Each structure stands twice: as C-alpha cells, then as structure tokens.
2 protein chains.
Amino acid sequence: MATPQLTKNQTLVMDALSHSEGPMSAYTILDKLRDHGFRAPLQVYRALDKLQEYGMVHRLESINAFVACSCPHDHEHDHGVTAFTICEGCGQVTEFHDEAIEQRLSTLTRAQNFKTEKTTIEIRGHCQSCA
Amino acid sequence: MATPQLTKNQTLVMDALSHSEGPMSAYTILDKLRDHGFRAPLQVYRALDKLQEYGMVHRLESINAFVACSCPHDHEHDHGVTAFTICEGCGQVTEFHDEAIEQRLSTLTRAQNFKTEKTTIEIRGHCQSCA
DNA sequence: ATCAATTGCGTTATGCTATAACGTGTGCGA
DNA sequence: TCGCACACGTTATAGCATAACGCAATTGAT
C-alpha cells in the first residue's frame with residue numbers, strides 16, 4: 001500500500017491527529033478544523049477512511065476514536081496485527097506489534113478455517129502514571 | 001462474580017440473545033421485545049449492563065452488538081481474556097479463549113507497567129462457509 | 001414498625017457516531 | 001473531447017448510547 005500524495009482535507013486531518021496527545025473522535029477533529037473550512041462530519045470521515053487505508057491512522061473500536069499510527073517509518077508495507085493499550089485515566093494510547101500473538105491467532109483462525117481480514121486488539125486499563 | 005436471580009427485563013434480554021443465531025444490536029433487541037412491553041433503549045441497555053457484569057453477555061466493540069456468552073458452564077468464575085471471530089458474511093460469532101495469548105499480553109502489558117482492566121480481541125473476516 | 005439506602009423500572013429528552021444521497025468540479029487517459 | 005474516477009460540499013437521516021427525572025419495591029439497621 002504505497003502512500004500517495006495526500007489531499008488538502010486528508011492533510012488537515014492527519015495533522016490534527018499527529019499533533020494531538022491522544023486519540024480524537026471524528027467530531028472532535030471536525031471542531032478543530034472548523035477554522036480551516038470544515039463544516040460537516042463527512043469531510044472528516046472521508047479523510048479518515050483514506051488515511052486508514054494508507055495505514056497512517058488507526059481506529060480504536062472500543063472508544064470510537066482515531067489515532068495517528070506511531071510507527072516512525074513510512075507505511076508502504078503491512079504491519080500485521082496492531083494492538084493498543086488505552087489508558088482510561090489520561091487517554092494515552094500505546095501501539096505495539098507482537099509476532100507471537102500474531103502467530104498464535106493465525107494458528108487458531110486457521111484451525112476453524114476462518115479467513116481473517118482485520119484484527120482488533122485493544123487493552124483498556126490504566127497506565128503507570130494513572131494506576 | 002456469582003450470578004444472581006435475573007430480573008424480568010434481564011431475563012427477556014438474555015432469552016432474546018440466547019435464541020438468536022448471531023449478535024444483535026441493542027435496538028434490534030428492543031424491537032424484538034416490544035411485544036413484551038419494552039418501549040425505550042434504556043430498558044435494553046440497563047439489562048445488557050447487568051448481563052455483561054454477570055459475564056453472561058459479551059459486547060462486540062467492532063460492530064456495536066451483543067452476544068450471549070457461549071460458555072456452557074455457569075459464570076461464577078472469570079474466563080480471562082475472551083476473543084471472537086466475526087464473520088462479515090453470515091454474522092456468525094465464535095468465542096474462544098487462549099492461554100498462550102493471555103500470557104503473552106500479560107507479559108507485554110507488565111513490561112509497560114500497564115494495569116489491564118478489559119481486553120478486547122475481535123477478528124473480522126469470513127468463516128469457512130462464507131469464504 | 002419505620003426510616004434510609006439500594007436497586008430496578010419507566011419515560012422523555014438529548015447527545016454522540018456514522019452514513020445515504022445528491023450534485024459539483026477537476027484531472028486524466030482513451 | 002468524451003468518459004471515468006476521484007475528491008469535495010451539503011443536507012438530511014440513520015444508528016448507537018446516555019442524562020436526568022420520578023416512582024415503586026426491597027432490604028436491613030435502628
């Protein structure tokens with residue numbers, strides 16, 4: 001998945017997420033971008049869809065929010081399964097990848113002949129500071 | 001978490017989920033129970049909250065739906081981490097538990113001094129029949 | 001027995017999340 | 001230059017979830 005040149009809206013949404021400390025809901029992003037001409041949710045959702053497709057943004061299913069991918073390198077290759085810890089206190093999200101879990105899940109899904117398309121692993125709790 | 005006697009509403013919601021082939025949204029449950037006197041979403045959500053607390057119902061975060069726990073035994077002890085495969089074709093949900101994944105996640109979260117409260121693992125794709 | 005606390009219930013209203021459906025403009029290759 | 005793909009803007013609507021109020025039943029300590 002090569003990363004093409006981003007459009008204006010995509011760039012605005014990406015910047016908003018990148019400069020945010022933690023995850024943001026689509027509507028929070030919308031509010032942040034009103035000064036830049038954003039008026040409707042669809043403008044945000046359409047940009048988010050593309051950014052997810054490019055692997056630059058992740059959706060956190062358990063909190064209906066979006067976060068910039070923390071991988072420093074480009075997004076030209078698949079990262080495999082992505083997992084997150086999400087702190088209920090400060091909202092901090094940590095992204096991580098683990099080959100062992102990926103292998104194990106692969107084994108288990110293969111055993112039931114299940115064809116995986118998207119894997120969600122989200123761990124909610126409290127980080128060191130907020131424990 | 002001992003399972004107390006269920007209230008009327010809790011029983012109705014539990015029965016609806018148990019007799020369903022797959023997961024149901026709160027509003028779908030509401031519609032199914034209108035004949036039994038249900039009028040408002042809160043009646044469903046309140047019952048669902050308790051049933052989740054008792055470990056009899058799981059929430060599928062990635063599709064905003066609820067499913068009856070498939071464990072045959074009672075719910076008096078914690079099952080640890082619960083994972084699901086969710087078929088995008090037929091909606092079939094399979095629940096499973098894996099000690100290896102649980103261990104690995106525990107190791108990883110411990111490494112960042114993260115205190116886990118709830119773990120979500122949901123695998124979306126296609127089951128054998130729908131592949 | 002009585003009071004207070006707890007729990008469940010019902011209702012209305014509201015808020016948050018996401019998409020449908022329509023039309024416009026722009027770039028680009030056949 | 002025609003047709004197609006894509007991004008965009010707008011309005012409206014659908015879908016998911018909770019706030020806030022009040023009432024009724026239960027329980028359990030005084």
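Order of the sequence lines sets the chain letters (A, B, ...), proteins ahead of strands, with each chain counted from 1. Computed from a predicted structure; not experimentally measured.
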Pick base, sugar-phosphate or nothing for Arg39(A), based on heavy-atom distances below 4.0 Å to the nucleic acid. sugar-phosphate

Taking the nucleotide of DNA chain D with the closest heavy atom to each, which residue, Pro41(B) or Lys8(A), is nearer the 5' end? Lys8(A)

Want to settle it: does Asn64(B) or Phe38(B) sit nearer the 5' end of DNA chain C, counting the closest nucleotide to each? Phe38(B)

Indicate the atoms forming the closest heavy-atom contact of Pro41(A) with Leu30(A), along with that distance. N-CD2, 3.9 Å

Any chance NZ of Lys115(B) has more than 12 other-residue heavy atoms, nucleotides or ligands included, within less than 6.0 Å? no

Which residue is it: Thr7(A), Asp15(A), Asn9(A)? I am looking for the one with a side chain to side chain contact (heavy atoms under 4.5 Å, CB included) to Thr11(A). Asp15(A)

Using heavy atoms to find the nearest nucleotide of DNA chain D for Ala40(A) and Ala65(B) separately, return the residue whose nucleotide is more 5′. Ala40(A)

Using 4.0 Å as the upper bound for N to carboxylate O, is an ion pair formed by Arg124(A) and Glu117(B)? no

Given His58(B), which of Phe84(B), Phe66(B), Phe96(B) fulfils the ring pair (Phe, Tyr, Trp, His ring centres under 6.0 Å) condition? Phe84(B)

Of Asn9(B) and Phe66(A), the one whose closest nucleotide on DNA chain C sits nearer the 5' end is Asn9(B)

Nt span of DNA chain D in reach of chain A heavy atoms at under 4.0 Å, 5' end first, is dA7(D) to dT11(D)

Quick one: are Thr85(A) and Glu95(A) in side-chain contact, heavy atoms under 4.5 Å? no

Shoot me the first and last contacting nucleotide of DNA chain C against chain A, ordered 5' to 3', at under 4.0 angstrom to non-hydrogen atoms. dT17(C) to dA21(C)

Got a salt bridge between Arg46(A) and Asp49(A), using NZ or NE/NH1/NH2 to carboxylate O under 4.0 Å? no

When you compare the side chain of Thr116(B) with that of Val81(B), does any pair of heavy atoms fall below 4.5 Å? no

